[in-house]
Colleague: 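Right, I'll just put the structure down here and ask away after.
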Amino acid sequence: MGDILVVAEHLNGALDESTFELIGMANDLGNSVVAFIGGSDDMIGQLGAASKVVRVDAGADFNPETYGAALVAVADHVNPQVVLTSGSSMGMELANMLSAQKSWPLAVAATKVSIDGDVKAESALFGGKIIATTNLGSGPCVVAVVAGSAPADAGRKDGRPAVESVDMPATAGKVTFKKLIMPESADVDITTKDVLVAIGRGIGSKDDIEVAEELAEALDAAVAASRPIIDAGWLPKSRQVGKSGLKVKPKLYIALGISGAPEHLEGMKNSSTIIAINSDKNAPIFDVAHYGMVADLFDVVEELTEALD
Amino acid sequence: MKIVVPLKQVPDLVEDLELNDEGTGLDYEYLKMKLNEWDDHALEEALQIKEGGSAEVIAVAVDGEDVDKMLYTALAKGADKAVKITGANPYADNQELARVLANAISGMGADLVLVGVQSAGDRDGWLAPILATHLNMPTVSVVTGLEVNDGTATVHKEYSGGIMAEFDVALPAVIGVQAARQTPRYAPVSKVRQIQQSASIEEMAAGDVGDVVTSTVEEMRHPEKSGGARILSSVDEIVEVLKEKGVV
């Protein structure tokens, strides 16, 4: 079996959980080698589950241009069978740039990777309504893996593996990192609430949020939301659950008019109890929910709020 | 300044997605298609830049069913020009689509290419970074804030947990737009009809696409229902669950 190159992801001086998930996955597939690009050397001491680390000094902060060029240099050095990145904002960019620059096949949105002669990846597409199996050939190839697809514990081990260095290649210098922007402090911290009433696209207008707020009040809950509600500017970013928002694990998560796209599920699927109310009986949210009701959310919520008063 | 916005149609996910007989792809015959919502955001952002200063906005799409309507709608919203690429596969995955678009866009003199960061069927990659590599332009994806000054785009790239990073990107560049600064505008049917009478869509042949990074779809299937939710049929039953879980 060939080397599996895992791209370590870090933000603000800390390794992302996905790094450990991917190392665990890589160890199951072959010989795990970690590409450690930029970032403080201290983090390498957490990569004990990998057989080797290849380091490039590309600056402490992610930059698609410099990190992209560094990853190409590491890939040339390692000559891996498969490169695994996270399906995150950073990981997707790196996976795509590597694939395009090296003409290596790529599968994204992957939840499973296997090697049996050929490398195969299973991806959740079309809002999770279709599962596709892609054959990427015998390698080299690139797979971007959805967060939470493998247990992080399997790839988490303190210790410093052998470290090799690769020189930072020259770039055109067209992208400049300026600063990180931290989120504004929130009026409500949805990650600490026992009960969340979450709303999605099924809420048709800003005024309709009131019905969710009334239910939340009756349950001593906070109102959270999926991406479309935040993009419309109806609720602040601090209420967003999902891939680019917050990860929550309340005792009870009530999903109102949320279809359950993979990006949203990533943020809430570990809630203890999930109740979903949606008018589309095929909505993927019903696959992760413990209880579901196929109905107009407004009818249900009004009746439920009354019943709780 | 010239802004090019590639537009792509994707299946409307509200519909049932049927598979082809081989089980290797969607059956597009009866599928209702609509503009990829992230492309709509990219178009909106381009129109906002145009309205905040001056820019020429060019919408580009691969020819296919209902593509004329999509392009006329873009013109009705405020795009200056619409270009239709003929002789290419309208259902191509992004690696192939990026080659087709790179061919078409490379001669346009674009300062900025705004691409929807993702689309519902993305299997073999994201369009923006692949297209950027073929056009040899710098790129940043998952962008929610964009400002252009003197040949530089200042962008905000989203990470998880509400954290963002600010980058300066030298133009010309390809930006993967996550969300426009405001909700994409709506073009009334009457205005689209009116544009259809007065404006025209330019056509351009796809030409030789060259080598495409290929991978094979062995199988597409609907996910197994994982036992899934216990379906409740009344509000009383929800209240029972809430009591059982100690919430009320």
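Everything numeric here is computed off the predicted structure, so don't read it as measured data. Naming: A, B, ... by sequence-line order, numbering from 1 per chain.
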Colleague: To the closest 0.5 Å, what do you measure between NZ (A:K178) and CG (A:D61)?
Modeller: 13.0 Å
Colleague: Which residue out of A:L125, A:N63, A:T133 racks up the most heavy-atom pairs below 4.5 Å with chain B?
Modeller: A:T133
Colleague: Would you mind telling me which of A:P228, A:A100, A:G292, A:S123 has the largest number of heavy-atom pairs within less than 4.5 Å of chain B?
Modeller: A:G292
Colleague: At a 4.5 Å cut-off on heavy atoms, which part of A:V195 comes close to chain B: side chain, backbone, both, or neither?
Modeller: side chain
Colleague: Contact part of A:Q101 toward chain B, heavy-atom cut-off under 4.5 Å: side chain, backbone, both or neither?
Modeller: both
Colleague: At a 4.5 Å cut-off on heavy atoms, which part of A:L308 comes close to chain B: side chain, backbone, both, or neither?
Modeller: side chain
Colleague: Determine the minimum heavy-atom distance between A:C141 and A:W104, stating which atoms define it.
Modeller: CA-CB, 4.2 Å
Colleague: Once rounded to the nearest 0.5 Å, what's the spacing between atom CG of A:L252 and atom CG of A:L219?
Modeller: 7.0 Å
Colleague: Once you round to the nearest 0.5 Å, how far does CG of A:D280 lie from CD of B:E15?
Modeller: 10.0 Å
Colleague: Based on non-hydrogen pairs under 4.5 Å, which of B:D16, B:V10, B:I130, B:L131 is most in contact with chain A?
Modeller: B:I130
Colleague: Under the side chain to side chain contact (heavy atoms under 4.5 Å, CB included) rule, what do B:L19 and B:H222 come out as? Steps first, then yes or no, please.
Modeller: CA-CA 9 Å; B:L19 296 168; B:H222 296 281; 3.9 Å; yes
Colleague: Which residue out of B:G125, B:P138, B:S233 racks up the most heavy-atom pairs below 4.5 Å with chain A?
Modeller: B:G125
Colleague: Considering only heavy atoms, which portion of B:T216 lies under 4.5 Å from any heavy atom of chain A: side chain, backbone, both, or neither?
Modeller: both
Colleague: What is the distance from atom OH of B:Y91 to atom CG of B:L97, rounded to the nearest 0.5 Å?
Modeller: 13.5 Å
Colleague: Check whether B:L171 gets within reach of chain A through its side chain, its backbone, both or neither, counting any heavy atom under 4.5 Å.
Modeller: neither
Colleague: Quick check on A:N12 against chain B: is it the side chain, the backbone, both or neither that has a heavy atom closer than 4.5 Å?
Modeller: neither
Colleague: Could you have a look at B:V248, B:V169, B:I163 and say which one has the most heavy-atom pairs with chain A under 4.5 angstrom?
Modeller: B:I163
Colleague: So, A:E65 and A:K174, do they make that salt bridge, N to O below 4.0 Å?
Modeller: no
Colleague: Can you say whether A:K120 sits under 4.5 Å from chain B via the side chain, the backbone, both, or neither, judging by heavy atoms?
Modeller: side chain
Colleague: Give the member of B:H134, B:Q118, B:Q178 that has the highest number of heavy-atom pairs under 4.5 Å with chain A.
Modeller: B:Q178
Colleague: Relative to chain B, which segment of A:T273 carries a heavy atom at a distance below 4.5 Å: side chain, backbone, both, or neither?
Modeller: side chain
Colleague: Is there a donor-acceptor contact under 3.5 Å linking the side chains of A:D296 and A:S279?
Modeller: no
Colleague: Is it the backbone or the side chain of A:A307 that comes under 4.5 Å from a heavy atom of chain B, or both, or neither?
Modeller: side chain
Colleague: Tell me, for A:E184 versus chain B, whether the close heavy atoms (under 4.5 Å) come from the side chain, the backbone, both or neither.
Modeller: neither
Colleague: Which residue in the set B:E37, B:Q9, B:K8 passes side-chain hydrogen bond (donor to acceptor under 3.5 Å, both in side chains) when paired with B:S119?
Modeller: B:K8
Colleague: Does any backbone or side-chain atom of A:K237 lie under 4.5 Å from a heavy atom of chain B? Answer side chain, backbone, both or neither.
Modeller: side chain
Colleague: Do B:R181 and B:T144 have a side chain donor and acceptor closer than 3.5 Å?
Modeller: no
Colleague: Checking heavy atoms, do the side chain of A:L11, its backbone, both or neither come under 4.5 Å from chain B?
Modeller: side chain
Colleague: Which bit of B:V235 comes within less than 4.5 Å of chain A, counting heavy atoms only: side chain, backbone, both or neither?
Modeller: both
Colleague: Please rank B:M137, B:E219, B:Q182, B:Q95 by heavy-atom pairs under 4.5 Å with chain A and give me the top one.
Modeller: B:E219
Colleague: Looking at NZ of A:K129 and CG of B:L13, how far apart are the two atoms once the value is rounded to the nearest 0.5 Å?
Modeller: 6.0 Å
Colleague: Only pairs of heavy atoms separated by less than 4.5 Å count here; which of B:V142, B:T183, B:D124 has the most with chain A?
Modeller: B:D124
Colleague: With a 4.5 Å cut-off on heavy-atom pairs, point out which of A:D194, A:V301, A:L180 contacts chain B the most.
Modeller: A:L180
Colleague: Hydrogens and angles aside, do B:D236 and B:S234 bring a side-chain donor and acceptor to less than 3.5 Å of each other?
Modeller: no
Colleague: Where does A:I131 contact chain B at under 4.5 Å (heavy atoms): side chain, backbone, both or neither?
Modeller: both
Colleague: In terms of the angle between their ring planes, are A:Y67 and A:F62 parallel, tilted or perpendicular, with boundaries placed at 30° and 60°?
Modeller: perpendicular
Colleague: Select one option (side chain, backbone, both, neither) describing which atoms of A:E263 are under 4.5 Å from chain B's heavy atoms.
Modeller: side chain
Colleague: Which atoms of A:L106 are under 4.5 Å from chain B, going by heavy atoms: the side chain, the backbone, both sets, or neither?
Modeller: both
Colleague: Given a strict heavy-atom distance threshold of 4.5 Å, which part of A:I285 is in contact with chain B: side chain, backbone, both, or neither?
Modeller: neither
Colleague: What's the shortest heavy-atom distance between A:M293 and B:I238, and which atoms?
Modeller: SD-CD1, 3.6 Å
Colleague: Is it true that A:N96 and A:S99 share a donor-acceptor pair across their side chains at a distance under 3.5 Å?
Modeller: no
